[in-house]
Amino acid sequence: MNSEILNENNIVLNEASEPKFDAIKRAGKLLVDRGYVEKEYIEGMIERENDVTTYIGNGIAIPHGVSQYVKYIKKSGIVVIQYPDGVDFGDGNIAYVVIGIAGKDDEHLEILSSIALTCQYEENVRRLRDAKSPQEIIQILKEGGE
């Protein structure tokens with residue numbers, strides 16, 4: 001994963017617990033602030049969550065926009081928000097790490113599969129949840145996908 005897609009500025013540690021749609025908007029706003037998407041993309045992220053949860057298991061949620069919002073993506077990017085106390089995604093699903101993604105063309109599928117590979121191991125998720133620095137998060141996501 002190259003540093004244009006994920007870098008230290010895209011990572012927020014120790015965020016206080018908040019409602020899931022606030023967490024999704026926070027991830028979307030980070031994607032906007034870092035120049036990956038236009039603000040309309042956030043609506044697509046909320047729509048996606050309304051259609052089907054972006055909680056993927058193991059304490060991880062990966063909010064992203066529905067396909068008709070792809071036109072608002074400027075370039076592929078990932079943001080990571082760590083919630084030590086978790087965010088309730090419903091049905092008893094608590095996300096401790098929320099990873100917002102925007103993938104240009106089909107890049108998001110590659111990004112998603114890399115994250116999914118990393119996060120299928122509870123040990124990696126625990127490390128992401130406990131990480132003390134952005135560099136640590138980047139390292140875990142890079143290692144896990146190899």
Side-chain angles (χ1 to χ4, degrees), residues 1-91 93-120 124-125 127-129 131-146:
M1 227 174 283
N2 71 35
S3 60
E4 249 185 44
I5 292 178
L6 176 65
N7 62 58
E8 293 171 20
N9 298 327
N10 298 14
I11 297 172
V12 177
L13 300 177
N14 292 315
E15 195 55 55
S17 195
E18 60 187 344
K20 74 173 176 178
F21 285 108
D22 291 353
I24 291 167
K25 287 176 194 162
R26 183 180 302 279
K29 188 171 177 340
L30 264 178
L31 287 168
V32 171
D33 292 348
R34 300 298 180 262
Y36 296 113
V37 301
E38 294 170 42
K39 67 179 186 318
E40 290 82 356
Y41 186 75
I42 299 172
E43 295 162 29
M45 295 172 81
I46 289 165
E47 206 172 297
R48 161 77 65 209
E49 189 63 37
N50 281 326
D51 289 349
V52 59
T53 185
T54 55
Y55 181 82
I56 63 161
N58 268 359
I60 302 282
I62 306 181
H64 54 287
V66 290
S67 50
Q68 57 268 42
Y69 284 81
V70 168
K71 61 179 177 249
Y72 297 112
I73 299 175
K74 298 179 193 171
K75 61 184 182 185
S76 295
I78 300 176
V79 296
V80 179
I81 308 170
Q82 179 197 63
Y83 289 93
D85 297 321
V87 171
D88 187 347
F89 268 75
D91 298 324
N93 296 323
I94 307 295
Y96 298 100
V97 181
V98 173
I99 303 171
I101 65 169
K104 197 93 175 112
D105 306 317
D106 279 336
E107 276 185 296
H108 72 285
L109 297 173
E110 199 177 304
I111 294 167
L112 262 174
S113 69
S114 172
I115 292 168
L117 283 171
T118 301
C119 297
Q120 70 183 341
N124 286 342
V125 175
R127 288 171 61 212
L128 287 171
R129 183 181 172 182
K132 300 289 182 243
S133 72
Q135 300 88 327
E136 211 177 323
I137 296 233
I138 291 169
Q139 191 57 44
I140 295 161
L141 288 174
K142 279 185 174 163
E143 278 170 14
E146 288 168 4

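Keep in mind it's a predicted model, so treat the numbers as computed, not measured.
Residues F21 and N50 form a side-chain contact, since some pair of their non-hydrogen atoms from C-beta on lies under 4.5 Å apart. The shortest side-chain heavy-atom distance between V12 and V79 does not fall under the 4.5 Å cut-off. Between I137 and L13 there is a side-chain heavy-atom pair separated by less than 4.5 Å. When side chains are defined from C-beta on, I101 does not count as touching I5, because their heavy atoms never get closer than 4.5 Å. A 4.5 Å side-chain heavy-atom check between I138 and E8 finds at least one atom pair inside the cut-off. At least one side-chain heavy atom of I99 sits under 4.5 Å from a side-chain heavy atom of I78. Inter-residue side-chain proximity for N14 and Q82 is flagged as met; some heavy-atom pair is nearer than 4.5 Å.
Between the CD1 atom in I11 and the CD atom in E136 there is a gap of 10.5 Å [rounded to 0.5 Å]. Considering CG of L6 and OG of S76, their distance stands at 12.0 Å, rounded to 0.5 Å. Annotation: the span from T118 atom OG1 to N124 atom CG amounts to 6.0 Å, rounded to 0.5 Å.
Remark: the backbone N or O of Y83 is not paired with any side-chain donor or acceptor of E15 at under 3.5 angstrom. The main-chain N or O of S17 is never found under 3.5 Å from a side-chain atom of D85 such that the two would form a donor-acceptor pair. In this structure, Y41 contributes its side chain and G65 its backbone to a donor-acceptor pair below 3.5 Å. With hydrogens and angles ignored, the 3.5 Å screen pairs no side-chain donor or acceptor of E49 with any backbone N or O of I24. Between the E40 side chain and the Y69 main chain, no donor and acceptor come within less than 3.5 Å of each other. Within the 3.5 Å criterion, the main-chain N or O of I73 finds a donor-acceptor partner in the side chain of K104.
In the model, Y55 has no side-chain atom that pairs as donor or acceptor with a side-chain atom of D91 under 3.5 Å.
A 6.0 Å sphere centred on CD of Q68 holds more than 12 heavy atoms belonging to other residues, nucleotides or ligands.
Between E18 and R26 there is a salt bridge, since a side-chain N of the basic residue sits under 4.0 Å from a carboxylate O of the acidic one.
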Subject >> Worked verdict on L141 versus V80 for side chain to side chain contact (heavy atoms under 4.5 Å, CB included) >> reply: CA-CA 10 Å; L141 288 174; V80 179; 4.0 Å; yes
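Listed by first and then second residue, the salt bridge (Lys or Arg N to Asp or Glu O under 4.0 Å) pairs that reach into residues 30-39 are K29-D33, sequence neighbours excluded.
Scanning both residues, C119 and I56, for their nearest heavy atoms gives CB-CD1, 4.5 Å. Here the shortest heavy-atom pairing between N58 and Q120 reads ND2-O, 3.2 Å.
Of the listed residues (I60, T54, I94), just one forms a side chain to side chain contact (heavy atoms under 4.5 Å, CB included) with F89, and that residue is T54.
Annotation: cation-pi geometry not satisfied between K74 and Y36 (NZ/CZ under 6.0 angstrom from ring centroid, within 45° of ring axis).
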